[in-house]
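Just so you know, these numbers come straight off a predicted model, no measurement behind them. Both counts, for ligands and for their atoms, begin at 1 and track the order of listing.
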Amino acid sequence: MRSRVWVSQPLFADIVGRLHEHFDVVATEHVGKHSPQQIAAALADCDGALVTLNDPIAAAEIAGAPRLRAIANVGVGYNNLDVPALTRAGIVVTNTPDVLTETTADFGFALMMAAARRITEAERWLREGQWRQWSFETLLGGDLHGSTLAILGMGRIGQGIARRAAGFDMRVLYHNRSRLPETVERECRAQYVDLDMLLAQADHLVLVLPYSPQAHHLIDAAALAKMKPTATLTNIARGGLVDEDALAEALAGARLAAAGLDVYEGEPAVNPRLLALRNVVLTPHIASGSLATRRAMVSLAVDNLIAALGFGPDAGRPPTPVNAGQLKR
Ligand code: GLV
């Protein structure tokens, strides 16, 4: 009997089409979030699944899926998956690191610049017909060059942002679960500091750390109070890292200059208090969204799924596993 895989949303058909060579493919026609019951039903008679951050999968969703052996997440972050529960069930979990690093770092930089230099606010103002004459003091922003860039989460994407900062002559500070080897620090021209120092020194703080329950609302009112009122905050990681009400209050009260957000706690819903503010740039979770990179992510996820289910040149050895070391053989 051929193995069966579920593809949880429409992805590039020419790439996902490679799955047909090995599997019966159950494809979803429409983009959207599925209910836990829909996910459980879809997984019930599948051997594998290609899923995205729209698909939370934990013990309940796999309880009725005895054949399920592999879940390939299209994304580097996988907080939609309960990895310990999947690992206990013997399911291989994979993600898509590396292929999105540079694209996502580009976007983080762009969002930070847009927030600092008030680019979307300025465009809105112009389109509203408010530009009646050139004036010296119109929409003054903060500089990037010569300022202090503070990176929270110094994985591959954080390092990519740090490397870009050299071209802007920025001082780079970072905080991470563990300090990087000296060679990497030197290459990134980045200095390790504790979290309080990072917050206090930041002219531009960028969040690039993975979400975990321990990091929930890491940036809350108390953390924001430690930042300079002239600073900006950019979040390209996960919405749950930031207390959005506290952020909105800080932005409204001029206790933080501006923010750039690509991710939200309840996305696609956006906190109405943020929507009402001018000094925040809001984008719809598109940091890895160049055409080439999104295609590369899907391609890597397809390779992972094929290999995890025992086919193709990497049979049994998916290129980017998340829980390989933890699965019992
Ligand atoms: C997107 O947010 C990803 O984790 O790849």
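Those atoms of ligand 1 with a heavy atom of Arg238 less than 4.0 angstrom away are 1 (C), 2 (O), 3 (C), 4 (O). Close contacts of ligand 1 with His285, meaning ligand atoms under 4.0 Å from a residue heavy atom, involve 1 (C), 2 (O). Counting atoms of ligand 1 from 1 in the listed order, those under 4.0 Å from a heavy atom of Gly75 are 3 (C), 5 (O).
In the hydrophobic clustering of ILVMFWY residues, with side-chain heavy atoms under 4.5 Å counting as a link, Tyr264 and Val281 come out apart.
Grouped with Ile119 in a hydrophobic cluster is no other residue, since no side-chain heavy-atom contact under 4.5 Å to another Ile, Leu, Val, Met, Phe, Trp or Tyr is found.
Ion pairing of Asp45 with Arg67 is absent here, as no side-chain N (NZ or NE/NH1/NH2) approaches a carboxylate O to less than 4.0 Å. We find that Arg2 and Asp24 are joined by a salt bridge, their nearest charged nitrogen and carboxylate oxygen being less than 4.0 Å apart. One finds no salt bridge joining Glu123 and Arg117 here, because no Lys/Arg side-chain nitrogen approaches an Asp/Glu carboxylate oxygen to under 4.0 Å.
Contact annotation for Leu100 and ligand 1: only side-chain heavy atoms (C-beta onward) come within less than 4.0 Å of the ligand.
Comparing Pro210, Gly289, Gly77 against atom 4 (O) of ligand 1, the shortest heavy-atom distance belongs to Gly77.
Considering backbone and side-chain N/O atoms, Val76 comes within less than 3.5 Å of an N/O atom of ligand 1.
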